Amino acid sequence: MSEVHLCEVGPRDGLQNEKTIVPAADKIRFVELLAHAGLREIEVTSFVSPKWVPQLADAEEVLRGALERAARTPAGEPIVLSALVPNEKGLERALACGVRKVSVFTAASEGFTRKNINATIAESIARFEPVVRGAHAAGATVRGYVSCIVQCPYDGAVDPEAVRATCERLAAIGVDELDLGETLGVATPDEVARVIERCAAVRPASELVLHLHDTRGMAIASAMRALELGVRKFDASTGGIGGCPYAPGAAGNVATERLVAACRERGYRTSVDSTALGEAASFIRRALGAA
Ligand code: HMG
Ligand code: MG
């Protein structure tokens with residue numbers, strides 16, 4: 001049976017856009033429950049400016065707590081606990097907490113890049129160059145996100161060629177992993193497939209990560225289409241929570257529990273235990289006051 005690797009982004013992408021600011025202790029408990037449910041990679045927080053994303057201003061406390069309580073499975077296997085870093089300052093903060101994987105993030109459209117990180121795409125790549133070098137020197141690996149792979153909230157439709165070009169630029173500065181973000185959650189499976197086919201020229205589909213938001217309820221269908229094209233790595237958010245504060249109208253990520261079930265139905269294995277994942281989903285819904 002073929003294996004699908006899931007990266008849980010609920011603690012970061014999920015919580016960055018919620019009105020409720022969840023206490024650090026509950027965020028750490030959420031990560032612990034996700035690890036207990038079998039997730040082997042969890043994006044824990046962001047070392048961004050607290051003025052831009054106040055929901056994650058407690059990044060140090062949360063990452064340290066998560067590393068203390070959820071860095072290994074009961075069998076002693078490592079769990080990857082990662083964090084977003086927009087610049088060298090973010091990297092320094094994350095490394096001081098002991099992070100082993102960081103994510104830089106840019107986009108295939110200029111409008112979103114400006115609103116999200118106050119830079120052009122070219123400036124963002126130049127900003128990431130020392131971040132990638134510094135992370136590697138410290139023994140950490142680097143994911144590079146490309147947002148707006150189909151639609152940008154400010155510039156409209158995005159050409160798959162622009163996505164490939166941003167992937168190329170990230171690959172050229174040495175990122176270890178490329179993650180394609182359908183930030184608005186509005187794409188059709190065909191549109192997502194066209195982007196994957198184009199980006200497979202930069203890295204094989206089996207190495208690309210697909211990060212789907214689910215505003216129009218098509219994310220599962222897109223993920224299943226991506227599986228047919230050879231994609232085996234997906235981001236997802238337990239409870240389907242979240243969105244991006246700088247992408248107005250975008251809903252949360254595809255729900256981890258739905259993606260796990262869809263993979264299983266089609267004969268793909270994941271490391272996740274659905275019953276334990278349900279406990280993590282109930283916990284975070286309660287913490288957000290939605291249970
Ligand atoms: P800027 O205002 O241009 O930054 O923001 P700056 O370098 O001019 O610094 C301004 C102030 O911010 C200074 O403080 C810096 O020290 C501070 P002051 O002197 O005014 O007191 N600062 C920081 N503080 C803490 N940590 C840092 C940091 N950097 C600067 N790392 C910046 C530029 C990139 C910082 C800002 O735009 C930012 O933080 N943006 C983050 C936005 C964000 O987190 N968006 C959501 C994540 S992306 C996403 O959700 C998409 C994704 O899920 C994929 C998808 O769905 O497509 C990944
Ligand atoms: Mg996202």
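Numbering of ligands and ligand atoms starts at 1, following listing order. Starting from 1, each residue takes its place in the sequence as its number. All values reported here derive from a predicted model rather than from experimental measurement.
- Heavy-atom contacts of Phe105 reach the following atoms of ligand 1: 47 (C), 48 (S) (cutoff under 4.0 Å).
- The presence of a protein heavy atom under 4.0 Å from atom 19 (O) of ligand 1 is ruled out.
- Atom 25 (C) of ligand 1 is flagged as protein-proximal [any protein heavy atom, distance under 4.0 Å].
- Listed by number with element, the atoms of ligand 1 under 4.0 angstrom from any heavy atom of Phe47 are 26 (N), 27 (C), 31 (N).
- With respect to Asp176, the side chain to side chain donor-acceptor pair (under 3.5 Å) criterion is satisfied by exactly one of Arg143, His136, Arg203: His136.
- Residue Lys51 holds the heavy atom nearest to atom 14 (O) of ligand 1 of all those in Glu92, Glu123, Lys51, Gln16.
- Under a 4.5 Å side-chain heavy-atom criterion applied to ILVMFWY residues, the cluster that includes Val186 comprises Leu184 as well.
- Here the protein heavy atom with the shortest distance to atom 40 (N) of ligand 1 is Asn116 O, 3.1 Å.
- Within the 4.5 Å cutoff, the side chain of Thr141 has no heavy atoms near those of the Ser82 side chain.
- For the pair Arg285 and Phe283, the cation-pi test (distance below 6.0 Å, angle within 45°) is failed.
- From Thr166, atom OG1 reaches atom CD1 of Ile149 across 11.5 Å, with rounding to the nearest 0.5 Å.
- Within ligand 1, the atoms closer than 4.0 Å to a non-hydrogen atom of Gly90 are 31 (N), numbered from 1 in the order shown.
- Contact annotation: for Asp179 versus ligand 1, there are no heavy atoms closer than 4.0 Å.
- Tracing side-chain contacts under 4.5 Å through hydrophobic residues (I, L, V, M, F, W, Y), one reaches Val132 starting from Val48; they form part of the same cluster.
- Close approach to Pro50 involves these atoms of ligand 1, each under 4.0 Å from a residue heavy atom: 24 (N), 25 (C).
- Side-chain contact between Arg164 and Val195: absent, with no pair of heavy atoms (C-beta onward) separated by less than 4.5 Å.
- With atom 12 (O) of ligand 1 as the reference point, the heavy atom nearest to it among Gly185, Ser49, Ala250, Ala94 is part of Ser49.
- Atom 38 (C) of ligand 1 lies below 4.0 Å from at least one non-hydrogen atom of the protein.
- Only the side chain of Asn87 comes within contact range of ligand 1, with a heavy atom under 4.0 Å; no backbone atom does.
- A side-chain donor from one of Ser274 and Arg264 sits under 3.5 Å from a side-chain acceptor of the other.
- Residue pairs that meet the ring-ring contact (aromatic ring centres under 6.0 Å, His included) test with at least one member in residues 35-57, sequence neighbours left out, are Trp52-Tyr246.
- Ranking the protein heavy atoms by distance from atom 2 (O) of ligand 1 puts Trp52 NE1, 3.6 Å first.
- Counting heavy atoms closer than 4.0 Å to ligand 1, residue Asp13 contributes side-chain atoms (C-beta onward) but none from N, CA, C or O.
- Not one N or O of Phe112 is nearer than 3.5 Å to an N or O of ligand 1, by distance alone.
- Rounded to the nearest 0.5 Å, atoms NZ (Lys233) and SG (Cys7) are 10.0 Å apart.
- Of the N or O atoms in Arg12, one or more lie within a sub-3.5 Å distance of an N or O in ligand 1.
- Counting protein heavy atoms under 4.0 angstrom from atom 9 (O) of ligand 1 gives zero.
- For the ring-ring contact (aromatic ring centres under 6.0 Å, His included) condition, no pair includes a residue of residues 159-185, sequence neighbours left out.
- Distance check for atom 6 (P) of ligand 1: every protein heavy atom is found at 4.0 Å or beyond.
- In this structure, Glu110 CD and Thr120 OG1 are separated by 5.5 Å, a value rounded to the nearest 0.5 Å.
- Taking all atoms of both residues into account, the shortest heavy-atom contact from Val31 to Ala70 is CG1-CB, 4.0 Å.
- A distance of 8.5 Å separates CG in Asp58 from CD1 in Ile21, rounded to the nearest 0.5 Å.
- Side chain to side chain, Glu8 and Thr238 meet the donor-acceptor criterion of an N or O pair below 3.5 Å.
- Protein heavy atom nearest atom 54 (C) of ligand 1, with residue, atom name and distance: Ser147 OG, 3.4 Å.
- Applying the 4.0 Å criterion to heavy atoms of Tyr145 picks out, from ligand 1, the atoms 54 (C), 58 (C).
- Among the atoms of His213, some N or O lies under 3.5 angstrom from an N or O of ligand 1.
- Lys89 NZ, 3.0 Å is the protein heavy atom nearest to atom 16 (O) of ligand 1.
- Those atoms of ligand 1 with a heavy atom of Ile117 less than 4.0 angstrom away are 33 (C), 34 (C), 37 (O).
- For the residue pair Ser2 / Arg232, a side-chain donor-acceptor distance below 3.5 Å is found, with atom types taken as modelled.
- Between Arg127 and ligand 1, not a single N/O pair is under 3.5 Å apart.
- Listed by atom number, the atoms of ligand 1 under 4.0 Å from Gly181 heavy atoms are 57 (O).
- A cation-pi geometry, defined here as NZ or CZ lying under 6.0 Å from the six-membered ring centre and within 45° of its normal, holds between Arg12 and Tyr145.
- Of all protein N/O/S atoms, those under 2.8 Å from the Mg ion (ligand 2) are Asp13 OD2, His211 NE2, His213 NE2, and waters are not counted.
- Distance check for atom 50 (O) of ligand 1: a protein heavy atom is found below 4.0 Å.
- Using a 4.5 Å cut-off on side-chain heavy atoms (C-beta onward), Phe105 and Cys244 make no contact.
- With rounding to the nearest 0.5 Å, the separation of CG in Leu56 from NZ in Lys27 is 5.0 Å.
- At least one N or O atom of Asn118 sits closer than 3.5 Å to an N or O atom of ligand 1.
- In this structure, a donor-acceptor pair under 3.5 Å is present between the side chains of His5 and Glu41.
- Under 4.0 Å from ligand 1, heavy atoms of Thr183 appear from its side chain as well as its backbone.
- Using a 4.0 Å cut-off to heavy atoms of Arg93, the atoms of ligand 1 that qualify are 25 (C), 26 (N), 27 (C).
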